[in-house]
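Accompanying notes for the structure given below.
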Amino acid sequence: MSAAARAGAAGNPRLGFGIVCALINNVLVGVGSGIYFPLLPLRLDLMGESPASVGFHAVASSIGVLLVAPYMSTWLSRLGAPCVIAIGCAASAVPAALMLLEDSYWLWFFLRLVMGCGLAIHWVGSDAWLNQAATEKIRGRILSFYVVSYIGGVSGGSALLNTFDLGGDAPFIAMSCCFGLALLPLFAAWRSGPVFLPSSKEASLRMFRVAPVLMTVGVLIGLADGAAFALIPLFAVLAGMTDHHAVWVMTSFLLGGSLMQFPIGWLSDVMDRRHVLILLAVVAVCVTPILPFVMDGSPLTWILSGICGAAVIGLYAVSLGIIGRRFTGGDMAAANAVFVLCYEFGALTGAPVGGGAMDIIGAPGLPIVMGVASALVLIAAILRGRRWIPKP
């Protein structure tokens, strides 16, 4: 167990064991997602779909999140995090296997919608589990391990995809197996999750009144992340790279996000998290406009892709820490669910907007969308961020 996890669970070994199992589960779901994220846009491109159609297809995942997120705080309080997350993993594994039936745009859209529900259940449940189990003193580091476990898995999944024939069945089989194996650590931790107090639907609705700017920031971060996760491989292809090199651009983006999460988490524990959010937004605004000009396979391709990933992905983890600092008890699960709902509403917009921008102006369209969203996060954090975190 990591030092941070030991510290957070010093008074409750059961919670500490649960944290470790949640992180192992996160790695396995990350590997499956790492295959899933680049596979579908590249496979749809091979099927002759336009960038706008590929972006629209990604909307199915976001719709799944919008369908389940409002109910997550109730499910967590009634069933517990391990059970809820296990349902999410099963709901991801089955549609991944069913995609083998036929190469069909609309069949895959429906299956992607079901997978979106499953991955959303896993996502919100994991956010709430680790935010609830962590103490304020080490929350940033616990959440950084959480992001690293997932993004590290996604990076590994993207690299694994590069060993498969993108037009064959093997990627779908591997993706389904990863989601299925992720059930095992959940069974081990069945009674090791934190207790969630019941919260009403009114508590979720109240979050929009209590923290409107923070939830708006969630929309903007989702817009940037949704565009990036759905379209970076296609962006790299349009910028002149091969399909396999495009997968490595995605891997570099995710690897940069993974490697920098612990330093970002440590900074958010020793600094005002609003200042860390501002720093990451500045980096994203500065780096994204450069990306279209370095897609040539040089060291700058991988370095700047990694820096961009660290900044854009880090925005989400730091925002989770702000939620954990501001809300407690049943309100924390409700706030996590509403933030994810806002995030996915942004992702719902980000994929088609990014695809449409690339249809109009080519490869630079995606980084422009990501850069504008990051700039708006920066403005919100500077002008209204002081209201986000109460005084100790």
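Only heavy atoms go into these numbers, but all of them, side chains included; no hydrogens, no water, no symmetry mates.
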Under the side-chain contact (heavy atoms from CB on, under 4.5 Å) rule, what do Met241 and Thr301 come out as? Steps first, then yes or no, please. CA-CA 11 Å; Met241 304 192 80; Thr301 303; 4.3 Å; yes
Expected output: side-chain [X] to main-chain [Y] donor-acceptor under 3.5 Å:
| X | Y | result |
| --- | --- | --- |
| Arg43 | Gly168 | yes |
| Asn26 | Tyr146 | yes |
| Ser192 | Ala188 | no |
| Asn25 | Leu186 | no |
| Thr163 | Leu160 | yes |
| Gln261 | Phe145 | no |
| Tyr105 | Ser53 | yes |
| Arg141 | Phe262 | no |

Those residues that, when tested against Asn162, pass side chain to side chain donor-acceptor pair (under 3.5 Å) (two or more places apart):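 Applying side chain to side chain donor-acceptor pair (under 3.5 Å) to Asn162 gives His244.
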Under the side chain to side chain donor-acceptor pair (under 3.5 Å) test, residues paired with Tyr150 that sit two or more places apart: Ser33
Kindly state whether the ring of Trp75 and the ring of Phe196 have centres lying under 6.0 angstrom apart. no
Indicate the ring-plane relationship of [X] and [Y], choosing parallel, tilted or perpendicular according to the 30° and 60° boundaries.
| X | Y | result |
| --- | --- | --- |
| Phe172 | Trp108 | tilted |
| Phe229 | Phe253 | perpendicular |
| Phe339 | Tyr316 | tilted |

Do other residues, nucleotides or ligands put more than 12 heavy atoms under 6.0 Å from the CH2 atom of Trp266?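 No, not enclosed.
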Could you grab the distance from atom CD1 of Ile264 to atom OG of Ser144, nearest 0.5 Å is fine?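 Answer for the CD1-OG pair, Ile264 versus Ser144, is 9.0 Å.
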Which value, rounded to the nearest 0.5 Å, describes the distance between Ser268 atom OG and Arg273 atom CZ? 5.0 Å
Hphob cluster co-occupancy, Val312 + Val283, side-chain heavy atoms under 4.5 angstrom: yes
In sequence, state the C-alpha distance, the side-chain angles, and the governing distance for Ile278 and Leu378, and then conclude on side-chain contact (heavy atoms from CB on, under 4.5 Å). CA-CA 6 Å; Ile278 290 171; Leu378 175 62; 3.6 Å; yes
Can you name the nearest heavy-atom pair linking Asn336 to Leu320, along with the distance?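 It is OD1-CD2, 3.5 Å.
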Looking at Gly32 and Met175, what are the two nearest heavy atoms and their distance?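 That closest heavy-atom pairing would be O-CG, 3.6 Å.
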Run the side-chain contact (heavy atoms from CB on, under 4.5 Å) check on Thr288 and Val372 step by step: do they pass? CA-CA 9 Å; Thr288 49; Val372 169; over 6 Å; no
What's the verdict on side-chain contact (heavy atoms from CB on, under 4.5 Å) for Leu223 and Leu376, showing C-alpha distance, side-chain angles and the deciding distance? CA-CA 11 Å; Leu223 193 152; Leu376 292 174; over 6 Å; no
Check this for me: does any side-chain nitrogen of one of Asp269 and Arg139 sit under 4.0 Å from a carboxylate oxygen of the other? no
For the residue pair Tyr36 / Ser92, report whether a side-chain donor-acceptor contact shorter than 3.5 Å exists.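 No.
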